[in-house]
A.B. asks: 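Take this structure first; my questions come after.
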Amino acid sequence: MPRIRCGRVANRRLGLELLSSPLSSSLCIVNYLIRYRTRRERSRAITHQFAIRLWSCSIQHIPNLLQLTPSLYHPATINTELIMTTPTNSAPIRVRIAPSPTGDPHVGTAYIGLLNFIYARQRGGQFVLRIEDTDRTRFVASSEQMIFDSLRWLGLNWDEGPDVGGAYGPYRQSERTEIYREHVEMLLASGHAYRSYETPEELDAMRKSQLAAKLPPRYNGAHRELTPAQIAAFEAEGRVSVVRLKVPVEGETSFRDELRGTVTFSHNNVDDQVLLKSDGFPTYHLANVVDDHLMRITDVIRAEEWISSTPKHVLLYNAFGWDLPRFWHMPLLRNLDKSKISKRKNPVSVIYYRESGYLPQALLNFLGLMGGGMAQPTAEEIVSKGLNVKDGDIFSLAKMIESFDFKRISLGGPVFDLTKLKWMNGEYLRALSPENFFAALRETIFSDEYLSRIAPLVQTRIETLAQFGDMTDFFFKDDVMPPPEVFLPKKHTLEETLAFAAEQLTVLEATSFTTEELEPALKKLGVEKEWSVKDNFMLLRAILTGKTASPPLLESLIVFGKARSLDRMRRFLDTQKKLANQRK
RNA sequence: GGCGUUAUGGUGUAACUGGUUAACACGCUGCCCUCUCAAGGCAGAGAGUCCGGGUUCGAGCCCCGGUAACGCUACCA
């Protein structure tokens with residue numbers, strides 16, 4: 001991708017970037033994007049289009065071309081950046097999402113998945129699903145299937161992926177280790193990477209001393225230039241090595257973020273990233289770049305948290321001599337307090353939303369609202385097209401594909417606000433025909449599958465079938481909230497009880513929901529904290545069911561599901577905490 | 001601490017190339033409808049656009065300087 005910059009013009013900073021390869025034909029359509037670079041680098045862009053003869057358009061002529069539309073900007077006050085794009089004759093659009101199977105599928109993944117999906121569908125491109133399972137310490141076996149199920153539930157079907165195949169497989173990084181090893185060898189050979197032999201403990205100590213000295217914690221580069229003799233010595237010692245990226249000592253790396261413009265990092269602030277871990281698996285950075293290139297990814301649409309590591313990726317592309325993809329960094333979904341969305345403060349598992357009875361269309365619509373992208377209808381449009389005012393907020397996936405505009409995305413991190421999602425889900429529910437509404441109930445909260453798992457839990461406990469409702473109401477409720485007289489054991493204070501409930505939550509988070517694992521894990525906690533099994537289980541029962549009498553606890557927990565159980569506990573703790581604060 | 005990104009009501013977003021009184025939706029309050037509750041209809045409260053300067057007849061939008069929040073700062077992604 002040739003990039004040309006031109007210098008100052010008429011005392012203004014003017015940048016020209018030729019973003020795509022010139023066409024071979026002499027005449028072509030040129031889009032001028034005039035970008036007003038404000039202090040915030042938010043771009044207000046206007047596109048002009050006219051035909052020119054390519055050969056007559058040398059860089060030097062750009063200022064003259066600019067004069068063609070002098071009314072569009074005020075040269076005295078505005079820094080402009082001119083971006084010229086020729087129609088692309090380049091490869092078809094290919095995008096991807098690359099979730100990591102480390103737990104429940106995350107709404108953030110769904111969000112980025114939706115964006116990638118729309119982007120591909122809008123441009124007749126391909127949407128690829130790749131599983132980034134290079135961290136075996138956090139690997140959760142059941143996670144991959146849950147990711148597939150959740151994305152399918154949402155209707156974000158992928159064109160290539162581990163389960164559907166494709167021309168650029170395998171699509172699981174754990175099955176591509178040979179590829180990464182070969183590429184690491186290339187980097188080693190070309191001097192863009194080196195082996196380093198420090199132990200994790202040594203690195204840890206180094207970091208701590210740097211922090212203590214108020215220095216930025218960075219790899220000190222001690223092994224950047226090891227002699228063959230030193231290497232031999234380390235090897236003889238039996239030390240294992242990692243491979244690190246050899247970031248140039250001086251200079252800086254810039255890249256273009258499609259939403260923000262040019263972002264620059266000085267090499268002083270780019271660490272010698274580990275590319276190949278001592279277990280032979282690559283880190284995200286290496287695997288990601290290699291795969292994106294090999295899979296012919298043209299647009300990397302990912303969350304904003306990756307901006308800081310993008311220079312490492314750019315350095316890698318350069319080291320391999322590969323063309324850069326376009327980078328689009330999307331705003332991060334937030335909790336109500338504006339921190340990055342997290343399970344502590346929000347239900348974050350897509351499974352939770354499915355099992356709590358949200359419709360996939362509603363969740364998709366709500367995610368599409370995050371960050372803008374869809375133009376709000378103007379007052380005239382509402383009148384002229386007879387739109388409902390809510391049409392500004394309610395739109396289908398098809399509608400998003402039709403009119404979602406990536407350049408409109410607003411960069412402030414949107415708060416993922418359940419209240420509005422609930423309203424929206426209600427809108428979708430009401431819009432259903434009675435038949436479909438009934439069908440939706442039967443597919444989810446009253447599915448045969450769910451009911452048939454609940455039924456055996458109460459069969460021996462009821463005398464009339466009508467008692468089924470009393471006994472099992474908590475399975476069908478959005479939330480329960482036991483009062484202290486229900487959840488508070490005689491032998492413990494409120495404070496102790498809440499602290500213990502928090503411990504239970506931690507244990508449940510780390511345990512898979514089967515009787516074999518749940519029971520010993522909870523009992524172990526009880527022993528450690530000196531809580532009787534009775535009190536231990538009763539507390540959990542109260543939180544889950546809102547009552548002191550219920551079907552067997554562990555089985556209920558399992559049937560109710562991990563995602564919703566954890567959410568119920570978090571909400572309980574949250575509410576109690578608020579109440580405690582009020583009392584103060 | 002360092003680096004990066006961002007900044008409009010409580011929340012999500014609008015506001016064309018600077019141009020009246022900053023718009024829409026959610027939420028909130030009240031009223032109407034109604035056996036109740038929702039839904040629906042109507043009305044209302046809630047921001048002067050993070051702060052401070054500047055340019056301009058005029059700034060949410062342009063310029064300069066701050067501040068804050070968030071992200072990254074791992075052999076996690």
Side-chain angles (χ1 to χ4, degrees), chain A residues 34 36-42 44 46 69 71-74 76-79 98-102 106 109 132-135 137-138 196 198-200 203-204 207 210-211 213-219 240-244 257 259-260 263-266 268-271 273-285 287-288 302-311 329 331-332 334-340 366 369-379 382 388-394 408-424 426-427 429-430:
Chain A
I34 296 176
Y36 290 67
R37 298 185 62 187
T38 69
R39 195 170 146 268
R40 296 173 269 161
E41 290 262 343
R42 282 278 312 263
R44 306 171 146 273
I46 326 149
T69 52
S71 64
L72 287 174
Y73 51 91
H74 199 287
T77 55
I78 295 166
N79 284 327
S100 214
T102 54
H106 200 276
T109 306
E132 306 222 328
D133 53 351
T134 55
D135 183 0
T137 58
R138 294 204 303 157
S196 108
E198 287 91 350
T199 62
L203 291 172
D204 209 41
R207 235 189 320 276
Q210 285 168 334
L211 243 22
K214 301 240 184 220
L215 288 165
R218 292 224 299 131
Y219 178 63
V240 281
S241 66
V242 298
V243 176
R244 287 179 182 272
D257 179 285
L259 262 17
R260 293 160 245 260
V263 181
T264 304
F265 286 81
S266 161
N268 300 328
N269 300 312
V270 183
D271 206 355
Q273 182 65 47
V274 170
L275 301 174
L276 197 68
K277 302 180 239 180
S278 54
D279 65 1
F281 277 85
T283 56
Y284 169 88
H285 307 278
N288 190 265
R302 58 173 24 163
E304 192 181 354
E305 56 189 326
W306 294 107
I307 289 183
S308 311
S309 28
T310 305
H329 289 102
L332 230 32
R334 309 287 183 93
N335 298 314
L336 214 45
D337 65 3
K338 296 277 184 184
S339 56
K340 171 168 137 182
F366 182 66
L369 220 47
M370 303 281 92
M374 291 293 279
Q376 209 176 73
T378 61
I382 289 170
N388 188 313
V389 279
K390 285 176 188 161
D391 291 356
D393 276 350
I394 303 281
R408 278 190 73 91
I409 287 181
S410 72
L411 268 9
V415 171
F416 189 90
D417 184 1
L418 263 330
T419 311
K420 187 151 184 172
L421 172 58
K422 268 196 186 166
W423 161 79
M424 185 168 275
E427 287 287 307
L429 246 23
R430 273 170 241 125

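Proteins come first, then strands; the chains are lettered A, B, ... in the order of their sequence lines, and each starts at number 1. Values below: every heavy atom of this structure, side chains too, minus hydrogens, waters and symmetry copies.
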A.B. asks: Relative to the 5' end of RNA chain B, which residue comes earlier, A:V240 or A:S339, by the nucleotide with the nearest heavy atom?
C.D. replies: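 Residue closer to the 5' terminus by nearest nucleotide: A:S339.
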A.B. asks: If B:U6 has a Watson-Crick or G-U wobble mate with both distances under 3.5 Å, name it; if not, just say none.
C.D. replies: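 Partner of B:U6: B:A68.
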A.B. asks: Looking at the angle O4'-C1'-N9-C4 for a purine or O4'-C1'-N1-C2 for a pyrimidine, is B:G48 syn or anti, with syn meaning within 90° of 0?
C.D. replies: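 The base of B:G48 is oriented syn (glycosidic angle within 90° of 0).
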A.B. asks: Picking from B:A74, B:G4, B:A25, which would you name as closest to the side chain of A:W423?
C.D. replies: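 So the nucleotide nearest the side chain must be B:A25.
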A.B. asks: Check whether any side-chain nitrogen or oxygen of A:K277 sits under 4.0 Å from OP1 or OP2 of B:A77, and answer yes or no.
C.D. replies: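 True: A:K277 side-chain N/O within range (under 4.0 Å) of B:A77 OP1/OP2.
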A.B. asks: Counting side-chain heavy atoms from CB outward, which of B:A74, B:G40, B:A77 is closest to A:R430?
C.D. replies: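 Closest nucleotide to the A:R430 side chain: B:G40.
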A.B. asks: Students often get this wrong, so: under 4.0 angstrom with heavy atoms, is A:V242 touching a base, only sugar-phosphate, or nothing?
C.D. replies: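 Counting heavy atoms under 4.0 Å across all strands, the contact made by A:V242 includes a base.
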A.B. asks: Could you say whether A:G413 or A:F265 is positioned toward the 5' end of RNA chain B, judged by the nucleotide with the nearest heavy atom to each?
C.D. replies: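 It is A:F265, whose closest nucleotide lies nearer the 5' terminus.
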A.B. asks: What is the base-pairing partner of B:A22, counting Watson-Crick and G-U wobble geometry with both distances under 3.5 Å?
C.D. replies: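 Check on B:A22: unpaired, no WC or wobble geometry under 3.5 Å.
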A.B. asks: Categorize A:P217 for me: base, sugar-phosphate, or nothing, with a 4.0 angstrom heavy-atom threshold over every strand shown.
C.D. replies: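 Answer is base: heavy atoms of A:P217 come under 4.0 Å of a base.
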A.B. asks: Parallel, tilted or perpendicular, judged at 30° and 60°: which one describes the rings of A:F416 and A:F366?
C.D. replies: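 A:F416 and A:F366: perpendicular rings.
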A.B. asks: Which listed nucleotide (B:C75, B:A77, B:U6) is nearest to the side chain of A:L203?
C.D. replies: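 Selected nucleotide (nearest to the side chain): B:C75.
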A.B. asks: Out of B:G1, B:C75, B:C70, which has the shortest distance to the side chain of A:P200?
C.D. replies: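 Ranking B:G1, B:C75, B:C70 by closest atom to the A:P200 side chain puts B:C75 first.
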A.B. asks: Taking the same atom, P, in B:U20 and in B:U13, what whole-Å distance lies between them?
C.D. replies: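 One P to the other, the span is 24 Å.
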A.B. asks: Have a look at A:R244 and say if it touches a base, only the backbone sugar-phosphate, or nothing, with a 4.0 Å heavy-atom cut-off.
C.D. replies: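 Sugar-phosphate, no base atom in range.
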A.B. asks: Could you tell me whether A:S266 contacts a base, only the sugar-phosphate backbone, or nothing, with contacts defined as non-hydrogen atoms closer than 4.0 Å?
C.D. replies: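 The residue A:S266 makes no contact with any strand.
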A.B. asks: For B:U55, which nucleotide in any strand shown is its Watson-Crick or wobble partner with both distances under 3.5 Å?
C.D. replies: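 Pairing partner: none.
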A.B. asks: Taking the same atom, P, in B:C33 and in B:A25, what whole-Å distance lies between them?
C.D. replies: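 24 Å, rounded to whole Å.
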A.B. asks: May I ask you to say what A:T134 touches in the nucleic acid, namely base, sugar-phosphate or nothing, with a heavy-atom cut-off under 4.0 Å?
C.D. replies: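 Sugar-phosphate, backbone atoms only, no base.
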A.B. asks: In whole Å, what separates the C1' atom of B:C57 from that of B:C72?
C.D. replies: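 The same atom, C1', in both gives a distance of 46 Å.
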A.B. asks: Under 3.5 Å for both donor-acceptor distances, Watson-Crick or wobble: does B:C35 have a partner, and if so which one?
C.D. replies: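 Check on B:C35: unpaired, no WC or wobble geometry under 3.5 Å.
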A.B. asks: Heavy atoms under 4.0 Å, any strand shown: does A:M374 hit a base, just sugar-phosphate, or nothing?
C.D. replies: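 Touches nothing.
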A.B. asks: Distance check, C1' atoms only: B:A59 and B:G52, in whole angstrom units.
C.D. replies: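 Looking at atom C1' only, B:A59 and B:G52 are 15 Å apart.
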A.B. asks: Between B:G27 and B:G9, how far apart are the C1' atoms? Round to whole Å, please.
C.D. replies: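 The same atom, C1', in both gives a distance of 12 Å.
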A.B. asks: Kindly point out which of B:A77, B:A74, B:C72 is positioned nearest to the side chain of A:S308?
C.D. replies: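 Nearest to the side-chain atoms of A:S308, counting from C-beta on, is B:C72.
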A.B. asks: Checking all strands, does A:S278 fall into the base, sugar-phosphate, or nothing category for heavy-atom contacts under 4.0 angstrom?
C.D. replies: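 Answer is base: heavy atoms of A:S278 come under 4.0 Å of a base.
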A.B. asks: Assess whether side chain to side chain contact (heavy atoms under 4.5 Å, CB included) is satisfied between A:R334 and A:M370, documenting all intermediate values.
C.D. replies: CA-CA 10 Å; A:R334 309 287 183 93; A:M370 303 281 92; over 6 Å; no
A.B. asks: Can you figure out which of B:U11, B:U5, B:C24 approaches the side chain of A:Q376 most closely?
C.D. replies: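 Among B:U11, B:U5, B:C24, the one nearest the side chain of A:Q376 is B:C24.
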A.B. asks: Between B:G4, B:C75, B:A77, which nucleotide has the shortest distance from any of its atoms to the side chain of A:D135?
C.D. replies: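 For the A:D135 side chain, the nearest candidate turns out to be B:A77.
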A.B. asks: P atom, B:G60 versus B:A22: distance in rounded Å?
C.D. replies: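 That atom pair is separated by 10 Å.
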A.B. asks: Looking only at the side chain of A:D417 (C-beta and beyond, no hydrogens), which of the listed nucleotides B:G12, B:U6, B:U11 gets closest?
C.D. replies: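 The listed nucleotide nearest to A:D417's side chain is B:U11.
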A.B. asks: Quiz question: going by heavy-atom distance under 3.5 Å, is there a donor-acceptor pair between the base of B:C72 and the side chain of A:E305?
C.D. replies: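 Side chain to base: no pair present.
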A.B. asks: Heavy atoms under 4.0 Å, any strand shown: does A:Q210 hit a base, just sugar-phosphate, or nothing?
C.D. replies: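 If one applies the 4.0 Å heavy-atom cut-off, A:Q210 turns out to touch nothing in the nucleic acid.
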A.B. asks: Between B:U5, B:U6, B:U11, spot the one nearest the side chain of A:L336, thanks.
C.D. replies: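 Comparing B:U5, B:U6, B:U11 against the side chain of A:L336, the answer is B:U11.
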A.B. asks: Whom does B:G1 pair with, Watson-Crick or G-U wobble, provided both distances fall under 3.5 Å?
C.D. replies: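 B:G1 is paired with B:U73.
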A.B. asks: Quick one: look up who B:C42 pairs with, Watson-Crick or G-U, both distances under 3.5 Å, and put none if it's unpaired.
C.D. replies: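 Pairing partner: B:G30.
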A.B. asks: Measure from the side-chain heavy atoms of A:E427 and tell me the nearest of B:G12, B:A15, B:G40.
C.D. replies: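 From the listed options, B:G40 comes nearest.
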A.B. asks: Give one of base, sugar-phosphate or nothing for A:V263, where a contact means two heavy atoms less than 4.0 Å apart.
C.D. replies: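 Contact class for A:V263: sugar-phosphate only.
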